[in-house]
Amino acid sequence: MHTGPLGVNTLVVALNERYAFVVDPAACDFCGDTHAVTRVLSSLGLDCVACVLTHGHFDHVAGLSHLKKCFANMCIAIHENDSMYLGQDSSAQKQSLTYIGFADFYEAVKDLPAADCYLKADKTLSDCLSKECIAPVKNELAKWTVLHTPGHTQGSVCLYNKADRLLISGDTVFYGSWGRTDLPGGNEAQIQKSLRRIYHDVESETRVYPGHDECGFVLAQNV
(Lines give C-alpha, C1' and ligand atoms only; values in the text may rest on other atoms or scores of the structure.)
Protein backbone atom coordinates (compact mmCIF):
# COMPACT_ATOMS: atom_id res chain seq x y z
CA MET A 1 0.00 0.00 0.00
CA HIS A 2 1.11 3.61 -0.58
CA THR A 3 1.34 5.66 2.62
CA GLY A 4 2.65 8.98 3.85
CA PRO A 5 3.66 12.22 2.15
CA LEU A 6 5.69 10.67 -0.68
CA GLY A 7 3.72 7.50 -1.39
CA VAL A 8 5.99 4.97 0.28
CA ASN A 9 5.41 1.31 -0.55
CA THR A 10 4.56 0.12 2.96
CA LEU A 11 4.64 -3.67 3.01
CA VAL A 12 2.77 -6.09 5.25
CA VAL A 13 4.72 -9.36 5.12
CA ALA A 14 2.61 -12.25 6.40
CA LEU A 15 4.64 -14.88 8.23
CA ASN A 16 1.77 -17.27 8.89
CA GLU A 17 -1.99 -17.00 9.36
CA ARG A 18 -1.61 -14.99 12.59
CA TYR A 19 1.51 -12.84 12.42
CA ALA A 20 3.25 -10.40 10.10
CA PHE A 21 5.98 -7.80 10.07
CA VAL A 22 5.55 -4.35 8.55
CA VAL A 23 8.17 -2.55 6.47
CA ASP A 24 8.39 1.26 6.39
CA PRO A 25 5.06 2.50 7.81
CA ALA A 26 4.47 6.13 6.80
CA ALA A 27 0.73 6.57 7.42
CA CYS A 28 0.13 9.54 9.74
CA ASP A 29 -2.26 12.31 10.76
CA PHE A 30 -0.44 14.87 8.60
CA CYS A 31 -1.41 12.90 5.47
CA GLY A 32 -4.83 11.78 6.67
CA ASP A 33 -4.03 8.08 6.34
CA THR A 34 -3.18 7.25 9.96
CA HIS A 35 -5.13 3.98 10.02
CA ALA A 36 -4.13 2.65 6.59
CA VAL A 37 -1.63 0.05 7.84
CA THR A 38 -3.59 -1.09 10.88
CA ARG A 39 -6.72 -1.38 8.74
CA VAL A 40 -4.97 -3.80 6.41
CA LEU A 41 -3.59 -5.83 9.30
CA SER A 42 -7.04 -6.03 10.87
CA SER A 43 -8.71 -7.06 7.61
CA LEU A 44 -6.22 -9.93 7.29
CA GLY A 45 -6.51 -10.92 10.95
CA LEU A 46 -2.79 -10.37 11.52
CA ASP A 47 -0.85 -9.17 14.54
CA CYS A 48 2.32 -7.17 13.89
CA VAL A 49 5.35 -8.65 15.66
CA ALA A 50 7.89 -6.20 14.24
CA CYS A 51 8.32 -3.02 12.27
CA VAL A 52 11.42 -3.26 10.09
CA LEU A 53 12.79 -0.03 8.61
CA THR A 54 14.88 -0.01 5.45
CA HIS A 55 16.24 3.38 6.53
CA GLY A 56 15.30 6.32 8.70
CA HIS A 57 14.05 9.04 6.34
CA PHE A 58 10.87 10.84 7.42
CA ASP A 59 8.75 9.44 4.59
CA HIS A 60 9.40 5.85 5.71
CA VAL A 61 8.89 6.15 9.47
CA ALA A 62 6.06 8.62 10.12
CA GLY A 63 3.61 5.83 10.98
CA LEU A 64 5.69 4.32 13.78
CA SER A 65 3.93 6.01 16.67
CA HIS A 66 0.45 4.86 15.71
CA LEU A 67 1.62 1.32 14.94
CA LYS A 68 3.38 1.10 18.30
CA LYS A 69 0.21 2.25 20.10
CA CYS A 70 -1.79 -0.48 18.39
CA PHE A 71 0.81 -3.22 18.89
CA ALA A 72 2.56 -2.44 22.16
CA ASN A 73 4.71 -5.59 22.04
CA MET A 74 5.89 -4.95 18.50
CA CYS A 75 9.65 -4.41 18.19
CA ILE A 76 11.08 -1.64 16.02
CA ALA A 77 14.25 -2.45 14.11
CA ILE A 78 16.59 -0.24 12.09
CA HIS A 79 20.29 -0.31 11.27
CA GLU A 80 22.29 1.38 14.01
CA ASN A 81 23.76 3.90 11.56
CA ASP A 82 20.25 5.32 11.02
CA SER A 83 19.08 5.10 14.62
CA MET A 84 19.47 8.87 15.06
CA TYR A 85 16.38 9.36 12.86
CA LEU A 86 14.21 7.86 15.62
CA GLY A 87 13.50 8.99 19.18
CA GLN A 88 12.52 12.40 20.50
CA ASP A 89 13.44 15.67 18.81
CA SER A 90 15.50 14.10 16.06
CA SER A 91 17.86 16.68 14.59
CA ALA A 92 18.60 14.29 11.70
CA GLN A 93 14.97 14.42 10.57
CA LYS A 94 14.90 18.20 10.87
CA GLN A 95 18.08 18.50 8.82
CA SER A 96 16.70 16.38 5.96
CA LEU A 97 13.32 18.12 5.96
CA THR A 98 14.88 21.58 5.98
CA TYR A 99 17.15 20.55 3.11
CA ILE A 100 14.18 19.72 0.85
CA GLY A 101 12.00 22.61 2.03
CA PHE A 102 9.48 20.46 3.91
CA ALA A 103 10.11 21.60 7.48
CA ASP A 104 6.37 21.62 8.22
CA PHE A 105 6.44 17.82 8.33
CA TYR A 106 8.82 17.78 11.28
CA GLU A 107 5.88 17.77 13.74
CA ALA A 108 4.91 14.33 12.38
CA VAL A 109 8.31 12.76 13.09
CA LYS A 110 9.84 14.66 16.00
CA ASP A 111 8.67 12.27 18.76
CA LEU A 112 8.97 8.84 17.18
CA PRO A 113 9.56 5.71 19.28
CA ALA A 114 13.20 4.71 19.52
CA ALA A 115 14.51 1.45 18.08
CA ASP A 116 14.16 -1.69 20.17
CA CYS A 117 16.85 -3.57 18.28
CA TYR A 118 19.29 -3.11 15.42
CA LEU A 119 19.50 -4.74 12.01
CA LYS A 120 22.95 -6.21 11.48
CA ALA A 121 24.65 -6.92 8.17
CA ASP A 122 24.28 -10.50 6.89
CA LYS A 123 22.22 -11.58 9.91
CA THR A 124 18.67 -12.88 9.62
CA LEU A 125 15.67 -11.07 11.04
CA SER A 126 15.40 -13.95 13.49
CA ASP A 127 18.90 -13.07 14.74
CA CYS A 128 18.24 -9.34 14.97
CA LEU A 129 14.74 -8.92 16.37
CA SER A 130 13.72 -9.07 20.02
CA LYS A 131 13.35 -12.72 20.92
CA GLU A 132 10.25 -12.27 23.08
CA CYS A 133 8.42 -10.61 20.17
CA ILE A 134 9.24 -13.14 17.49
CA ALA A 135 9.06 -16.47 19.31
CA PRO A 136 5.98 -17.69 17.37
CA VAL A 137 7.55 -16.89 13.98
CA LYS A 138 11.27 -17.39 14.54
CA ASN A 139 11.66 -19.92 11.73
CA GLU A 140 9.79 -17.78 9.21
CA LEU A 141 11.92 -14.72 10.04
CA ALA A 142 15.07 -16.78 9.60
CA LYS A 143 14.35 -16.76 5.85
CA TRP A 144 15.02 -13.01 5.67
CA THR A 145 18.63 -11.79 5.59
CA VAL A 146 19.70 -8.19 6.20
CA LEU A 147 21.92 -6.73 3.47
CA HIS A 148 23.60 -3.50 4.59
CA THR A 149 23.48 -1.25 1.51
CA PRO A 150 24.70 2.23 2.47
CA GLY A 151 24.55 5.13 0.04
CA HIS A 152 21.04 6.52 0.20
CA THR A 153 21.68 6.79 3.94
CA GLN A 154 24.46 5.30 6.03
CA GLY A 155 22.09 2.76 7.58
CA SER A 156 20.14 1.72 4.48
CA VAL A 157 19.37 -1.99 4.27
CA CYS A 158 17.65 -4.43 1.95
CA LEU A 159 15.87 -7.57 3.14
CA TYR A 160 16.56 -10.68 1.08
CA ASN A 161 14.57 -13.89 1.10
CA LYS A 162 16.69 -16.22 -1.04
CA ALA A 163 14.37 -19.22 -0.72
CA ASP A 164 11.40 -17.33 -2.14
CA ARG A 165 13.49 -15.01 -4.36
CA LEU A 166 12.21 -11.78 -2.84
CA LEU A 167 14.11 -8.56 -2.18
CA ILE A 168 12.73 -5.63 -0.20
CA SER A 169 15.05 -2.89 -1.37
CA GLY A 170 13.92 0.30 0.36
CA ASP A 171 15.36 3.32 -1.45
CA THR A 172 18.47 1.52 -2.68
CA VAL A 173 17.05 -0.12 -5.83
CA PHE A 174 14.13 1.15 -7.90
CA TYR A 175 12.84 -0.05 -11.26
CA GLY A 176 15.48 1.18 -13.70
CA SER A 177 17.08 3.46 -11.12
CA TRP A 178 18.44 3.81 -7.59
CA GLY A 179 18.06 6.05 -4.57
CA ARG A 180 19.15 9.68 -4.41
CA THR A 181 22.38 10.45 -2.59
CA ASP A 182 22.22 14.23 -2.26
CA LEU A 183 20.49 14.29 1.13
CA PRO A 184 22.55 14.48 4.36
CA GLY A 185 24.26 11.13 4.89
CA GLY A 186 24.04 10.11 1.24
CA ASN A 187 27.05 8.98 -0.77
CA GLU A 188 27.04 8.12 -4.47
CA ALA A 189 30.19 5.99 -4.39
CA GLN A 190 28.71 3.94 -1.56
CA ILE A 191 25.40 3.32 -3.29
CA GLN A 192 27.17 2.21 -6.46
CA LYS A 193 29.13 -0.30 -4.38
CA SER A 194 25.90 -1.45 -2.73
CA LEU A 195 24.26 -1.91 -6.12
CA ARG A 196 27.17 -4.00 -7.36
CA ARG A 197 26.89 -6.13 -4.24
CA ILE A 198 23.16 -6.69 -4.83
CA TYR A 199 23.60 -7.69 -8.46
CA HIS A 200 26.42 -10.04 -7.47
CA ASP A 201 24.82 -11.66 -4.41
CA VAL A 202 21.11 -11.70 -5.16
CA GLU A 203 19.78 -14.49 -7.39
CA SER A 204 18.57 -13.50 -10.84
CA GLU A 205 14.80 -13.60 -11.31
CA THR A 206 14.35 -12.29 -7.77
CA ARG A 207 11.29 -10.06 -7.42
CA VAL A 208 12.05 -6.61 -6.02
CA TYR A 209 9.81 -4.53 -3.77
CA PRO A 210 11.31 -1.02 -3.46
CA GLY A 211 10.36 1.88 -1.24
CA HIS A 212 8.61 3.80 -4.03
CA ASP A 213 7.03 3.26 -7.42
CA GLU A 214 6.76 -0.08 -9.23
CA CYS A 215 6.78 -3.22 -7.11
CA GLY A 216 7.41 -6.85 -7.97
CA PHE A 217 9.70 -6.33 -10.96
CA VAL A 218 12.30 -8.97 -11.71
CA LEU A 219 15.85 -7.98 -10.76
CA ALA A 220 17.35 -9.07 -14.08
CA GLN A 221 15.23 -6.43 -15.84
CA ASN A 222 17.07 -3.73 -13.92
CA VAL A 223 20.66 -4.69 -14.83
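Reckoned from all heavy atoms, side chains included, excluding hydrogens, waters and symmetry mates.
Residues Thr124 and Trp144 fail the side-chain proximity criterion, which asks for heavy atoms closer than 4.5 Å. The side-chain heavy atoms of Tyr99 and Pro184, taken from C-beta on, include a pair separated by under 4.5 Å. Using a 4.5 Å heavy-atom threshold, the side chains of Leu53 and Val157 count as separate. Within the 4.5 Å cutoff, no side-chain heavy atoms of His152 are placed close to those of Thr181. Counting heavy atoms from C-beta outward, Cys28 and Phe105 have side chains that approach closer than 4.5 Å. Between Leu119 and Leu125, some side-chain heavy-atom pair lies under the 4.5 Å cut-off.
For the atom pair SG of Cys158 and CZ of Arg197, the computed distance is 9.0 Å after rounding to the nearest 0.5 Å. One distance of note links CZ of Phe30 with CD of Glu107; it measures 10.0 Å at 0.5 Å rounding. How far CG of Asp47 is from SG of Cys70: 11.0 Å, rounded to the nearest 0.5 Å. Considering CG of Asn187 and OG1 of Thr153, their distance stands at 11.0 Å, rounded to 0.5 Å. Asp82 contributes atom CG, which lies 8.0 Å from atom CD of Gln154 (distance to the nearest 0.5 angstrom). Expressed to the nearest 0.5 Å, how far OG of Ser169 lies from CG of Leu159 amounts to 9.5 Å.
When hydrophobic clusters are built by joining Ile, Leu, Val, Met, Phe, Trp and Tyr residues whose side-chain heavy atoms come closer than 4.5 Å, directly or via intermediates, Phe71 is not grouped with Leu15. Under a hydrophobic-cluster definition in which Ile, Leu, Val, Met, Phe, Trp and Tyr are linked whenever side-chain heavy atoms come within less than 4.5 Å, directly or via other members, Met74 and Ile134 are assigned to different clusters. Both Leu67 and Leu86 belong to a single network of hydrophobic side chains, linked directly or stepwise wherever heavy atoms of I, L, V, M, F, W or Y lie under 4.5 Å apart.
Heavy atoms only, all atoms of each residue included: Val8 and Ala26 are closest at CB-CB, 4.3 Å. Across all their heavy atoms, Lys120 and Val146 have their closest contact at O-CB, 3.4 Å. Nearest heavy atom pair, residue Val173 against residue Pro210, reads O-CB, 3.1 Å. The heavy-atom pair separating Leu41 from Cys48 by the smallest distance is CD1-CB, 4.1 Å.
A salt bridge links Lys68 with Asp116: the distance from a Lys NZ or Arg NE/NH1/NH2 to an Asp or Glu carboxylate oxygen falls below 4.0 Å.
Ring planes of His55 and His57: perpendicular class, angle over 60° (limits at 30 and 60°). Taking the six-membered ring where tryptophan is involved, the planes of His148 and His79 are essentially parallel, since the angle between them stays under 30° and well short of 60°.
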Checking Asn9 against His2 for the side chain to side chain donor-acceptor pair (under 3.5 Å) test, could you report, in this order, the C-alpha distance in whole Å, the side-chain angles of both residues, the deciding distance, and whether it holds? CA-CA 5 Å; Asn9 291 327; His2 293 156; 3.0 Å; yes
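Between the side chains of His66 and Asp29, no donor-acceptor pair is found at a separation under 3.5 Å. Between the side chains of Ser156 and Thr172, no donor N or O sits under 3.5 Å from an acceptor N or O.
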